[in-house]
Amino acid sequence: MITGAQCLADMLGGYGVSHVFMVPAVLRRTFAEMERRTSIARIHTHGEKAAAYMADGYARASAKPGVCMAQVVGALNLAAGLRDAYLAHSPVIAFTGGREPKSKFRKVYQELDDVPAFEPVTKWNATIDAVERFPDMVRQAFRVATSGAPGPVHLQFRGNEGQIDQEEADIAPLVEAQFARVPPYRPQPDPDELGKLLDQLQRAERPVIVAGGGARWSDAGALLVQLAETLAIPVATSLNGKDLIPGTHRLSVGVVGSYSRESANRVVAAADLVCFIGTSAGGMTTHAWAVPKIGTPALQIDIEPEAIGRNYPLKAGVLADAKVALAQLLERCDRTSAKRRAPWLEQVRGICAEWRDKYGPMLGSDAQPIRPERICAELTRHVPDDAIVVVDTGHAGMWMGGMYDLRTERQSYMRSAGHLGWAFPAGLGAKCAAPKRPVVTFAGDAGLWYHIGELETAVRWNIAAVTVVNNNASGNQSKRGFDRAYGGTQTPKARELWTYRMVDFARVATDIGALGMRVERAADFAAALSEAIKSERPALIDVVTDIEAIAPLAVAS
Ligand SMILES: Cc1ncc(C[n+]2csc(CCOP(=O)(O)OP(=O)(O)O)c2C)c(N)n1
């Protein structure tokens with residue numbers, strides 16, 4: 001006989017979980033057993049949403065499920081935090097406390113039925129009502145989170161703090177190593193469908209590959225680059241797929257879609273065939289299906305049958321793991337067909353050169369207050385070769401998606417799938433998952449404010465991530481929208497809707513015990529970044545930037 005707590009601790013340890021993120025009090029006996037039986041770090045945070053984002057960052061950095069927890073009253077905060085993981089197909093496993101059948105419907109303190117709220121943000125949403133079910137349910141949580149297109153799962157444990165974990169039963173921990181990381185399965189493509197796809201790809205004169213998060217979860221970057229080189233095909237990526245090919249690679253045209261690089265949108269718009277690999281071809285990646293236009297001949301490889309052909313009619317659709325499909329394409333392809341695309345590559349190079357000419361002055365600008373484009377260029381040059389770069393949404397996503405380049409295939413890139421405030425805690429989670437790699441997070445000041453309390457968590461656990469804040473004392477991405485709302489020109493009153501007090505975040509960070517630095521001249525940024533990384537402490541670089549700097553809008557042709 002063992003307790004549920006002993007079983008759960010052993011299972012999490014057995015699956016290789018190194019950190020869990022939560023606000024107490026939930027599964028307290030499990031935490032005590034974790035201390036006795038495992039080396040799992042139990043990171044308690046200042047909010048459940050931040051705990052979910054940390055677990056998400058941990059998962060995206062390591063391809064291992066990230067685990068977060070909340071007691072019953074924090075459950076909806078945790079559910080809110082799973083939304084980004086759901087949108088980004090990130091394998092986050094959430095545990096919450098739930099209702100006790102003996103007392104439900106009697107107005108128990110803090111209690112309501114949380115289960116329905118997890119429905120839209122999980123692949124699987126289940127309750128554990130008998131301690132005998134710990135092994136099979138927790139095992140299933142890992143199976144669902146990691147397989148197919150990965151995603152969050154939720155398990156609610158009986159008792160508002162999950163007190164079911166103190167009960168005993170004749171159970172044994174179950175661990176299936178295959179499901180300890182993504183991908184557990186690599187489905188093989190149908191050879192005929194793959195042949196059809198390859199034939200189209202080789203015959204095309206102006207093809208482009210658009211690769212996304214699915215290819216990233218499949219770890220398909222190296223093979224993607226090889227295929228592109230072998231067949232002379234330019235590569236655009238979604239924001240989720242940005243680290244599949246270094247931005248400095250001669251065949252990389254950048255991120256395509258809404259938060260994008262102009263050259264990528266122009267290349268995809270000019271292509272005579274688009275091959276989607278591991279991307280849902282959703283609104284963000286296609287700029288609301290304008291790039292490419294619906295009707296452009298298209299191919300698609302995806303691990304999810306329902307993704308194939310959802311948004312573009314296809315010449316060929318292949319159900320498979322991206323890495324396996326790419327390996328087989330490389331084996332079967334006719335290398336001589338690359339010659340046909342020499343004029344297209346020339347055109348693509350021209351489009352990329354035009355982008356560099358147009359944005360070069362801003363990327364190199366010495367202006368004060370600092371231009372965000374210049375921070376992006378500094379990060380391109382100075383982020384270490386093996387770093388993980390974590391980026392918030394909104395303006396942060398636009399600036400970095402369009403203006404920042406990864407230099408090496410060892411660098412990683414993760415981005416908020418839409419939630420402002422995600423990046424700072426996600427960066428801390430990423431650092432927990434990969435303590436030996438530098439982690440550099442880029443967020444605006446509005447993004448940092450959401451979870452600024454987690455600076456204390458970072459200091460307490462010495463989570464040595466570096467956070468770069470694009471501090472313009474505002475959420476100035478909203479400026480353009482309010483200009484429109486006010487008929488073209490804003491009143492000074494309108495600025496109340498998107499501006500803040502100018503705060504010195506370096507001082508805040510220093511007071512909390514982190515390394516805080518303020519940068520007011522672009523030329524000082526590189527030294528600050530280097531010092532922050534070398535310090536091996538949680539560090540924050542507060543960069544004072546231009547409130548009037550607005551990122552360029554996406555082009556559709
Ligand atoms: C949860 C959430 N609420 C609201 C938004 C809408 N939103 C997008 S960007 C933004 C402001 C961004 O401000 P900041 O991070 O400071 O960057 P800046 O625009 O100043 O560069 C807002 C409010 C969002 N993306 N997510």
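In listed order, ligands and their atoms are each counted from 1. Residue indices begin at 1 and follow the sequence shown.
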Side-chain donor or acceptor of Arg99 paired with backbone N/O of Asp114 under 3.5 Å: no

contact_flag Tyr450 ligand 1 heavy-atom lt 4.0 Å: yes

Shortest reach to atom 20 (O) of ligand 1 by a heavy atom, considering only Ser474, Ala549, Gly444: Ser474

Region of Asn472 engaging ligand 1 - heavy atom pairs below 4.0 Å: side chain

Nearest neighbour in protein (non-hydrogen) for atom 26 (N) of ligand 1: Leu420 N, 3.0 Å

Option from Asn476, Asp445, Asn470 for which side-chain hydrogen bond (donor to acceptor under 3.5 Å, both in side chains) with Thr545 holds: Asn470

Electrostatic pair Asp483:Lys479 at N-O distance under 4.0 angstrom: yes

Contacting atoms of ligand 1, where contact means under 4.0 angstrom from a heavy atom of Gly418: 24 (C), 25 (N), 26 (N)

Sidechain N-carboxylate O distance under 4.0 Å for Lys534, Glu531: no

Donor-acceptor pair between Tyr58 and Ser18 side chains, under 3.5 angstrom: yes

Contact atoms of ligand 1, heavy-atom distance to His395 under 4.0 Å: 17 (O), 18 (P), 19 (O), 21 (O)

Flag if over 12 foreign heavy atoms under 6.0 Å of CZ, Arg495: yes

Any Asn470 heavy atom less than 4.0 Å from ligand 1: yes

Rounded distance (nearest 0.5 Å) linking atom CZ of Arg216 with atom CG of Asn240: 7.5 Å

Contact atoms of ligand 1, heavy-atom distance to Gln477 under 4.0 Å: 8 (C), 9 (S), 19 (O)

Shortest protein heavy-atom distance from atom 14 (P) of ligand 1, along with the residue and atom involved: Ala446 CB, 3.4 Å

Sub-4.0 Å protein heavy atom next to atom 10 (C) of ligand 1: yes

Asn476 and ligand 1 - part of the residue with a heavy-atom distance under 4.0 Å: both

Interfacing atoms of ligand 1 (cut-off 4.0 Å, heavy-atom, Thr393): 25 (N)

Among Gly447, Ala551, Gly394, closest by any non-hydrogen atom to atom 15 (O) of ligand 1: Gly447

Derivation and outcome, ring-ring contact (aromatic ring centres under 6.0 Å, His included), residues Phe424 and Tyr450: CA-CA 9 Å; Phe424 173 54; Tyr450 268 78; over 10 Å; no

Residue pairs involving residues 421-442 (criterion side chain to side chain donor-acceptor pair (under 3.5 Å); sequence neighbours excluded): Asp56-Trp422, Ser412-Arg437

